[in-house]
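Take a look at the structure below.
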Amino acid sequence: MKFISKVANYGFGAVFLFGIICASIKIYSVCSNRTSLAFLAVAFLISFALLICYGLKKSEIYFKRNDELCHKMLVLLPAILLLFQMVFVICFDFIPKNDLSYICNAAENYVKYGIESLYNGLPERHQHYFEVYPNNHMLFWVIAGLYKISYSLFGEISNLLPTLINVLALDIAYIFMLKTAKMIYEPSRAAVCGIRGLMFTPIVTYSTFFYTDSLAMPFVSVAIYVYFRCRREEKLSCQMTLTAVCGIVLAIGYKIKGSLIILLIAILIDIIIRKGGIKVAVAKIGTIFGSFCVVVVLLNILLTNTLKISKEEKNMYEFPRIHWVMMSADGYGGYNTEDFYYTKSFEGYENKISADVDRLSEKLEKQGVIGFTVHTLKKIGYTWSNGTYMVPYYNENSKFLNSIPFIAITTVFHFSLLFKILLGFYEKRKDKNDVLSESFVLKICLIGLFGFLLIWETRCRYLVSFFALFALI
């Protein structure tokens, strides 16, 4: 246990510090394209972020003297969040783009004209979109259902209901994060977690962006809460029930955002390393994994039947998972149109796998050890540096959301949270039993997320679903 604690807190703590340095260098490279005072700008942003992190630490000390204030804050903070979200929804128009626009168009076609017209108006390259991307089946199902309600009630389709459901998802994520904080920490630290949650700007700025990143957030927060509740139950029957519920929640979230598998793995590891008996651990692992698999299989059947995707079509068009590993293996590790067309050009699932493995090998051989190391450093910086979480990109018509003040504020908050997470590892560096602490599973999950985004196609918004980690660690 002592070894595991050291590896996590010393080892990954050092890796995470290095990640922050890479992110800072990325910020510098972006600033240097806009101003000759890039170094001073970055120094100011980082200093301000450190100052806020210090302020959070001091606030926790102050709150320890006043539990009543902490309890009032924990009640008031969700209301403040909702107010900010409503102001954002009213002030900023949002027009879906890229994948979300394809899903929305397909959902509207499905509601108005039926499954036969699903792909009307979509680009030629996406005429088999849902055969290629099964990861977006669940989102389509949700949006189509909301569009159908809107069309039945009002005779027209709008994004009002998806936006309201998205805001609800964000609020549920925040509330269950607070409930978890109150469960595992004393009131002073729980209050600080609440403040940190508001500093995670997508909790507000993603209010209108009803994509998988935000809609998966509540499933992460709820699963974490349920798992902690399970650990506090004394009756084995209650533990098994909550473990099954946790598996079901994770399964639904996984169908919205595949990266939630990381949290499932983190929980399985936590069950294994925790003291409680081999039989109990095996029973819990079987229960959570079994319920997860059953729900995923049932949802797969439901969604493929809804979209009327045959096995032949699935085999012909679906992209294998190795595609996203291959696509991430050069440059900044983000989406690459050339790689998309490359994989698309091959017919059959097995042929696509072989082709992508070959292309991945070519990329690795071409870069060599030094080149791939440079690529990895760039990828870390690209993933962890953007405090806006691509909000300006998805709201390109908004002057404020593309302004320097907005970018600066979100960047400062983002780095403040990164430094606070780093502090969480540093403070426990000498704790031999940290592996048995309540929050250690969150560290396992963060380590898994960091590693996953090193090998998978990445963007900063892929961090959004794991909002709870930014607030609780």
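Just so we're clear, the structure is a prediction, and the values are computed from it rather than from any experiment.
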* Asked: What distance separates Cys31 SG from Phe39 CZ, expressed to the nearest 0.5 Å?
  -> 12.0 Å
* **Side-chain H-bond candidate by donor/acceptor type, Asp99 with Tyr133, under 3.5 Å** => no
* Quick one: is the NZ or CZ of Lys428 closer than 6.0 Å to the six-membered ring centre of Phe440, and within 45° of its axis? -> no
* **Check ion pair Glu457-Arg321 (N to O, under 4.0 angstrom)** => no
* Going by heavy atoms in the side chains, are Phe419 and Phe415 under 4.5 Å from each other? -> yes
* Strictly under 6.0 Å, is that where the ring centroids of His137 and Phe140 end up? -> no
* Can you spot which of Val222, Leu472, Ile203 makes a side chain to side chain contact (heavy atoms under 4.5 Å, CB included) with Met177? => Leu472
* Any side-chain heavy-atom pair from Cys445 and Leu469 closer than 4.5 angstrom? -> yes
* To do: State yes or no: are the ring centers of Phe88 and Phe84 separated by less than 6.0 Å?
  => no
* Structure fact -> Rounding to 0.5 Å, atoms CD1 (Ile421) and CZ (Arg196) come to a distance of 6.5 Å
* Asked: Is the centre of the Trp384 ring less than 6.0 Å from the centre of the Phe450 ring?
  -> yes
* Would the number of heavy atoms belonging to other residues, nucleotides or ligands and lying under 6.0 Å from CZ of Phe372 be above 12? -> yes
* Could you tell me whether the side chain of Pro96 reaches within less than 4.5 Å of the side chain of Tyr211, counting heavy atoms only? => no
* Asked: Is the side chain of Tyr382 donor-acceptor paired with the backbone N or O of Gly331 at a distance under 3.5 Å, no angle test?
  -> no
* Please check if the distance between the ring centroids of Phe346 and Tyr342 is under 6.0 Å. => yes
* Basic-acidic side-chain contact under 4.0 Å: Asp339, Lys363 -> yes
* Asked: Does Arg359 use its side chain to pair, donor to acceptor, with the backbone of Thr343 at less than 3.5 Å?
  -> no
* Rounded to the nearest 0.5 Å, how far does NE2 of His128 lie from NE2 of His126? -> 12.5 Å
* Asked: Is a donor on one side and an acceptor on the other found under 3.5 Å between the side chain of Glu313 and the backbone of Ser310?
  -> yes
* **CD1 on Ile256 to CE on Met138, rounded to 0.5 Å** => 5.0 Å
* Could you walk me through whether Asn9 and Lys443 pass the side-chain hydrogen bond (donor to acceptor under 3.5 Å, both in side chains) test, one step at a time? => CA-CA 9 Å; Asn9 293 311; Lys443 292 182 177 180; 2.8 Å; yes
* Asked: Quick one: are Ile409 and Phe413 in side-chain contact, heavy atoms under 4.5 Å?
  -> yes
* Asked: To the nearest 0.5 Å, what is the distance between SG (Cys246) and CD1 (Ile267)?
  -> 4.0 Å
* Give a yes or no on whether the backbone of Ser385 and the side-chain of Lys26 come within a donor-acceptor separation of less than 3.5 Å. => no
* Asked: Between Lys97 and Glu396, does at least one N-O distance fall below 4.0 Å, as a salt bridge requires?
  -> yes
* List the steps and the verdict of side-chain contact (heavy atoms from CB on, under 4.5 Å) for Met199 and Ile52. => CA-CA 10 Å; Met199 288 170 56; Ile52 292 176; 3.6 Å; yes
* Asked: Between the side chains of Lys379 and Ser328, does any donor sit under 3.5 Å from an acceptor?
  -> yes
* Asked: Can the ring centroids of Trp324 and Tyr335 be said to lie less than 6.0 angstrom from one another?
  -> no
* Looking at Phe92, Phe209, Phe94, which hits ring-ring contact (aromatic ring centres under 6.0 Å, His included) with Tyr394? -> Phe209
* Asked: Would one find more than 12 heavy atoms of other residues, nucleotides or ligands at under 6.0 Å from atom CG of Leu298?
  -> yes
* To do: Taking the side chain as every heavy atom from C-beta outward, state whether Ile143 and Cys104 have any atom pair closer than 4.5 Å.
  => yes
* Between Tyr28 and Ala43, is there a donor-acceptor pair closer than 3.5 Å when you use the side chain of the first and the backbone of the second? -> no
* To do: May I ask you to test the Asn166-Pro162 pair for a side-chain heavy-atom distance under 4.5 Å?
  => no
* Begin with the C-alpha distance, continue with both residues' side-chain angles, and end with the deciding distance and a verdict on ring-ring contact (aromatic ring centres under 6.0 Å, His included) for Phe340 and Phe319. => CA-CA 9 Å; Phe340 165 81; Phe319 278 20; 5.6 Å; yes
* Asked: Is the side chain of Lys314 donor-acceptor paired with the backbone N or O of Val132 at a distance under 3.5 Å, no angle test?
  -> no
* Asked: Would you say Asn136 and Tyr102 make side-chain contact, with heavy atoms under 4.5 Å?
  -> no
* Asked: Would you say Ile278 has more than 12 foreign heavy atoms packed within less than 6.0 Å of its CD1?
  -> no
* Atom CD of Gln127: over 12 foreign heavy atoms under 6.0 Å -> yes
* Apply side-chain contact (heavy atoms from CB on, under 4.5 Å) to Leu463 and Phe470, showing your working. => CA-CA 9 Å; Leu463 302 172; Phe470 287 82; 4.1 Å; yes
* To do: Compute the centroid of each ring, for Phe292 and then for Tyr254, and state whether the two points are separated by less than 6.0 Å.
  => yes
* Charged N to carboxylate O below 4.0 Å: is that the case for Arg231 and Asp270? -> yes
* **Working for side-chain contact (heavy atoms from CB on, under 4.5 Å), residues Lys257 and Leu260** => CA-CA 6 Å; Lys257 193 74 178 178; Leu260 264 68; 3.8 Å; yes
* Side-chain donor or acceptor of Ser221 paired with backbone N/O of Pro218 under 3.5 Å -> no
* To do: Would you please say whether a donor-acceptor pair under 3.5 Å links the side chains of Tyr393 and Asn98?
  => yes
* **From CD1 (Ile224) to CG (Leu442), nearest 0.5 Å** => 5.5 Å
* With Tyr389, the ring-ring contact (aromatic ring centres under 6.0 Å, His included) member among Phe467, Phe200, Tyr206 -> Phe200
* Asked: Counting heavy atoms not belonging to Ile95, are there more than 12 under 6.0 Å from its CD1?
  -> no
* Are Thr458 and Thr383 linked by a side-chain donor-acceptor pair shorter than 3.5 Å? -> yes
* With side chains defined as the heavy atoms from C-beta onward, is the minimum distance between Tyr10 and Phe425 less than 4.5 Å? -> no
* Is there a donor-acceptor pair closer than 3.5 Å between any side-chain N or O of Ser214 and the backbone N or O of Phe210? -> no
* Is it true that Tyr332 and His375 have ring centroids separated by less than 6.0 Å? -> no
* Asked: Can we say Glu318 and Lys311 salt-bridge, meaning some charged N sits less than 4.0 Å from an Asp/Glu carboxylate O?
  -> no
* If you measure only the distance, is there a donor-acceptor pair under 3.5 Å linking the side chains of Asp213 and Ser465? -> no
* To do: With side-chain contact (heavy atoms from CB on, under 4.5 Å) as the test, would you mind laying out the steps for Gln367 and Glu362 before giving the verdict?
  => CA-CA 9 Å; Gln367 293 175 95; Glu362 290 174 8; over 6 Å; no
* To do: Taking Glu438 for its side chain and Phe228 for its backbone only, find out whether a donor-acceptor pair lies under 3.5 Å.
  => no
* Checking Thr410 side chain against Ile407 main chain: does a donor-acceptor pair fall under 3.5 Å? -> yes
